[in-house]
Every structure is written in C-alpha cells, then in structure tokens.
Number of protein chains: 2
Amino acid sequence: MRANELPEVRHLPLFRDMLQANFEQLMQGAYAQTFPTGVELIRQGDPADFLHIVIAGSVEMYAEWGGRTCTMAVVQPVGSFILAACIRDAPYLMSARTLEKSRLILVPSSDLRAVFRRDPEFAVSTITELAGAFRSVARHAKGLKLRTSRERVAAYLLKQSRQAGNVESFVLGVEKRLIASYLGMTPENLSRTLRQLEGEGIRVNGQQVTITDRHRLMAVAPPDPLIDGPDGPGAGVGMSLPPPSTASAKPREKVVSPTGFEPVTH
Amino acid sequence: MRANELPEVRHLPLFRDMLQANFEQLMQGAYAQTFPTGVELIRQGDPADFLHIVIAGSVEMYAEWGGRTCTMAVVQPVGSFILAACIRDAPYLMSARTLEKSRLILVPSSDLRAVFRRDPEFAVSTITELAGAFRSVARHAKGLKLRTSRERVAAYLLKQSRQAGNVESFVLGVEKRLIASYLGMTPENLSRTLRQLEGEGIRVNGQQVTITDRHRLMAVAPPDPLIDGPDGPGAGVGMSLPPPSTASAKPREKVVSPTGFEPVTH
DNA sequence: ATCCAGAATTGATCTTTGTCAATGACAACA
DNA sequence: TGTTGTCATTGACAAAGATCAATTCTGGAT
C-alpha cells in the first residue's frame, strides 16, 4: 500500500476517531490493489471477507435475481462498501464491479470486528456509519414506493443539481442506463421521461443537464429531505449515485473525476 | 413501568449483553405507556427523542409523500423501532401508529447515545442490530426493484409459510391492504394477483392461505435468501411484516396474537 | 479519417398496474 | 337485529411502464 493513501483513509468518518494504534493494526492486515475496468470485485452470496474502500476510480454495486439486474449504488473515492455484511459475517447482499480502473483497499472483516470490540471510538463511528447507511436505503425504498418514475427522475435531477452546489447546469456523472436502473426503470423509459421533462423546466444535451425552471421542476416532484436526503452539498451516499460534476461536458477531453470530496451519510 | 416487563426487554438482542447497571440506568429514564388503536406514535420529520420498544400489540411503520402513503413495516412484541434516527439524532424517516391497543416503552435517545459510548457490549449489540436493519431494508429494496408485483406476492406467501414452520396452511396476520402497501402495490392489484395465483399452487379464503403446490409457487418466484431473508423460522424483521399464525382462521373468535416470539435481524 | 461497439433514442406495441366505481362481506355497535 | 363503516373484491377503463426492433449517436481504437 502506498504511504500517501493512508491519510485519506484515516480521514474517513469511519476511521478518523479511532486510536492510531488500532488504525495501524487494521491497515497492517489490509492490502491495496488496482483493478481494471469491469472487474467483478465481489459477488452477492459470497462470504464477507473484506471491507472494501475505494481509493480511486468508481465501483458499481448491483443486485441480481432470476436473470435481472439492478444498480443499487455507485461508490466513489473515498468511500467504503458492504460494512454491514462484514459486521454480521453474512453473505454479501450485492455484487460490485469496477466502472473504471480503480484502486481499492481491502480490510479483513475479522480484523474489523475485533477492533471495534476494543476501541469504543471506532465502535461509535461504526454505529454512526451504519445508522446513516440504514437511513440511506430506507429513503431509497421510500422513493421507490411513494413516487412514480417520472417523479423519481425529477427528484434525482434536483438532487444532483443541489449536490453540485445549486447550479443551473451540471453533468450527469454516470451512464444513463445506470441511472435508470438505480431509479428502478428501463433506459428507454428514462430517455422518454427526460424528453417529457423538457417541457417542465429542464434541458438535456447528452450528459449535460440544465435546469431552466427550478420552480417548475420542483412542482413535478417536491423535494423532501426524508427521501432525497439532507440539504447541502456533500450529503447523500450510502445507497446513492455519486455527485455530479459542475463543469460543462467537454467532448474529446478526459473528464476530471468529480470533486472526490467525501460525502457524508445521514 | 411494570416489573414483569423488564426481563422481556432485557432479553432483546439489543440489551441482553450490556452491563446490568447500564441497563438499569437506561430503564430509569424510560417510561412505559399504553395506547389505544390508531394512535400516531411518531410522525416522520419529527426529532428522534425516543427509542420505541413494543411490549404488546402491534405498530405500523409507514411513510408519506405528497398525499400518498405506504407501509414500511409492522413491529410486534418484543421489537424496537427507529433506532437509527435516535443514534444520528436526526428526524424520523417514518411515522408509526398503533394497529391495536399497544404498550410501548420509550427510551430517551440521549440516554441511548450516552450509554453505548461507555458500554462496549452495548455498542457491539447496537452495531449488530443496525447492520441487520440495514440488510433488511436493502433486501426489501432489492425485491422492489428486481421482482414484479406478482413475484413479490408469491415470494411473500412462501416466506410467510416458511416462517410459520413450512406448514401448508397459515393465516395472514395483517390486513391485506397493509400487505399490498408493504409490497408496493394497490389492494386491488393484490386481490387480483392472489386470484391469479390460485392457478399456481395456492388457495385463498379470506385470511386463510393454503399452499397446495409449493413447487409450482416457487416456480413463480424462486425464493432467495438474499432477498427474502435467511432460512428458518424466527428470521426476518427490520423492515418486514410479522410472522403469520399457524392456526386456522376462526371466524367470530378473537384471533390469538401471532406467537410473539422475538424475530432476529440478519 | 474510418470503423466499431456500446449507449442512447425513438417508434410501435403489449403488459402491467393504477384508478374509479359499484358491490359484497364482515365485524363492531347501537 | 338492524345499522354502519371498513375492508375486500370485481369490472371497466386509463395510465404507466416494459419490451422489441430499428436507428442514431458517441467515443475510442485502428
């Protein structure tokens, strides 16, 4: 593992309050690895051997059943995933694959369980993290049950705009088919819905989305912190998609990885 | 609070491992109260002042948005709810109402937070509980996204049958409209789906459901522990509906409250 | 510059699901 | 023993969403 990676991990909400000695012990048992695009990191149903931390790149969490697939979340640096499975020493509920070349740190889940038993600060951090993750999925489930797909799309756009700093124009950081799957609809349906929403205060051009009439869009789906997450940039994650980039879409140019700040779970 | 209620609470997975002194302190700040049917115990958006523990009766957790409502879970004795909100000192994501005359214990969330900071065993229990709750909602969300409503109904029936001990015949412990809402569909749609499934290995008579051809029903929706929860009776909860009663439906007779054993979160 | 594969879009069509309205069943209650 | 309110069921219809097929677009590689 590279030396310059540790401080980043150390500053994660999950690890920032623990004793240095314990942190070092955790990292001693851990190892880092870089994966190319499209690698299946974990497979749902497998035993939870490692907590995964994304240092660079991005990872899609998805679930499968009977031949169908759906995206549950996209994890970006610096974020961790499948904490709950590690803790309960239970099979993963989701699979994960790299969406691009990515670097991860893998922490043995047995070490994890051992450490929070003797480091109260780490235990509290874990509790806070898990409570946030729970609330995040609960909100997601609420959205799926209480909103139509049109409303989910509108709310999603408003949330992305908000996370980008309430700018009028932003770039979807993820392929539309992933967004569609995350929102529980087909790509075709998302495409049509976006088109339809162009009469409701937005303009879409490829990855570039412009909100021309925020008030109008909010009328389609009034934002609700109890579904969309708390206000302010840097909010969200857990079971969500990454924050959008503020920059304009620039064809022919490597897009800079969206800010990379650490979103907080609530 | 009655003396005979404490041992029950003490034996909850959440409290069973903590120091007696800390448990007593928690309970000292707590108070018990009995509510009639249909009382709104908490309202989504309100600050999370108390952890709620159901001693008797049953409580529906539900969510609202823009005039719509959906059932998220039904909590039965002895179970707790809104732990996550208490921990994060954040607004409730869901509302709760009594489905019948119910007795609850309310534990101030500030006490809760204070105690798990100094009782490592309690911290571990909290972690385990939260991780289980997270997995429970995550499974629910998977079901909503990966299954059609027909498949959700079939899977629900299989799960209920399994929880009742793999019996062929059991009683739905909850109103069908609640089940429908929980499964993310309308009562009409549930009604029609049940009717349709009568050609796929079940027979329905009011609250009484009989599985005439388990194999056939499983073909409609192959059960998956990564969605339906771990095998064996006593599994589930978190974000689920209560286990069904094994007994036959007896018209004109007060139905005995379904077993009341404590389901474990996974 | 050209080619290629995957993504996105669009149209046509079908299935699923929701909505509205009416009716029936049932239990609590006067 | 009616009465009444709620839940469940059913039918008819409308809306939403999925599926299939055909292009079109785009970005990357040759």
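Side-chain atoms are counted along with the backbone in the values below, which use heavy atoms only and exclude waters and symmetry mates. In the text below, chain A, chain B and the rest are named by the order of the sequence lines, each starting its count at 1.
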Point to revise | Under 4.0 Å protein heavy-atom contacts per nucleotide of nucleotides 13-20 of chain C, with B for base, S for backbone only and - for none | key: ----SSBB

Practice item. Indicate for each nucleotide in nucleotides 3-8 of chain D, in 5' to 3' sequence, whether protein heavy atoms under 4.0 Å reach the base (B), only the sugar-phosphate (S), or nothing (-). Key: ----SS

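In summary, the side chains of B:Ser95 and B:Arg43 do not present any donor paired with an acceptor at a separation below 3.5 Å, with no hydrogens or angles considered. Under 3.5 Å, the side chains of B:Ser161 and B:Arg214 contain a donor-acceptor pair of N or O atoms.
Only one option out of B:Ile42, B:Leu41, B:Val74 pairs with B:Val59 in a side chain to side chain contact (heavy atoms under 4.5 Å, CB included); it is B:Leu41.
As a whole-Å value, the separation of A:Leu190 CG from D:dA16 C1' is 15 Å. Counting to the nearest Å, the C1' atom of D:dA18 and the CG atom of A:Leu183 are 16 Å from each other. If you measure from atom CD of A:Gln208 to atom P of C:dA8, you get 15 Å, rounded to the nearest angstrom. The separation between B:Lys145 atom NZ and D:dA18 atom P is 12 Å, rounded to whole Å. Atom CG in B:Leu144 sits about 16 Å away from atom C1' in D:dG17, given to the nearest Å. In this structure, the CG atom of A:Leu99 is 16 Å from the P atom of C:dG6, given to the nearest Å.
Remark on the helix from C:dA1-D:dT30 to C:dA30-D:dT1: inter-end axis angle 30°, axes from five-pair C1' superpositions, rounded to 10°.
Between B:Thr193 and B:Asn189, the shortest heavy-atom contact is OG1-O, 2.7 Å. Minimum interatomic distance between B:Tyr62 and B:Glu40 (heavy atoms only, all atoms of both residues): OH-OE2, 3.2 Å. Taking every heavy atom of both residues into account, B:Asp228 and B:Ala155 meet most closely at OD1-CB, 3.7 Å.
Under 4.0 angstrom from either OP1 or OP2 of D:dT10 there lies at least one side-chain N or O belonging to B:Arg195.
Within the structure, salt bridge (charged side-chain N to carboxylate O under 4.0 Å, His left out) contacts touching residues 58-75 of chain B (residues at least two apart or in different chains) are A:Glu151-B:Arg68, B:Glu60-B:Arg97. Residue pairs meeting the salt bridge (charged side-chain N to carboxylate O under 4.0 Å, His left out) criterion with at least one partner in residues 168-196 of chain B, sequence neighbours excluded, are B:Glu175-B:Arg177. Counting only residues at least two apart or in different chains, salt bridge (charged side-chain N to carboxylate O under 4.0 Å, His left out) contacts with residues 203-213 of chain B are absent.
Below 30°, between 30° and 60°, or above 60°: for B:Tyr182 and B:His140 the angle between ring planes is below 30°, a parallel geometry.
B:Asp224 and B:Arg139 are not joined by a salt bridge, as no carboxylate oxygen comes within less than 4.0 angstrom of a charged side-chain nitrogen.
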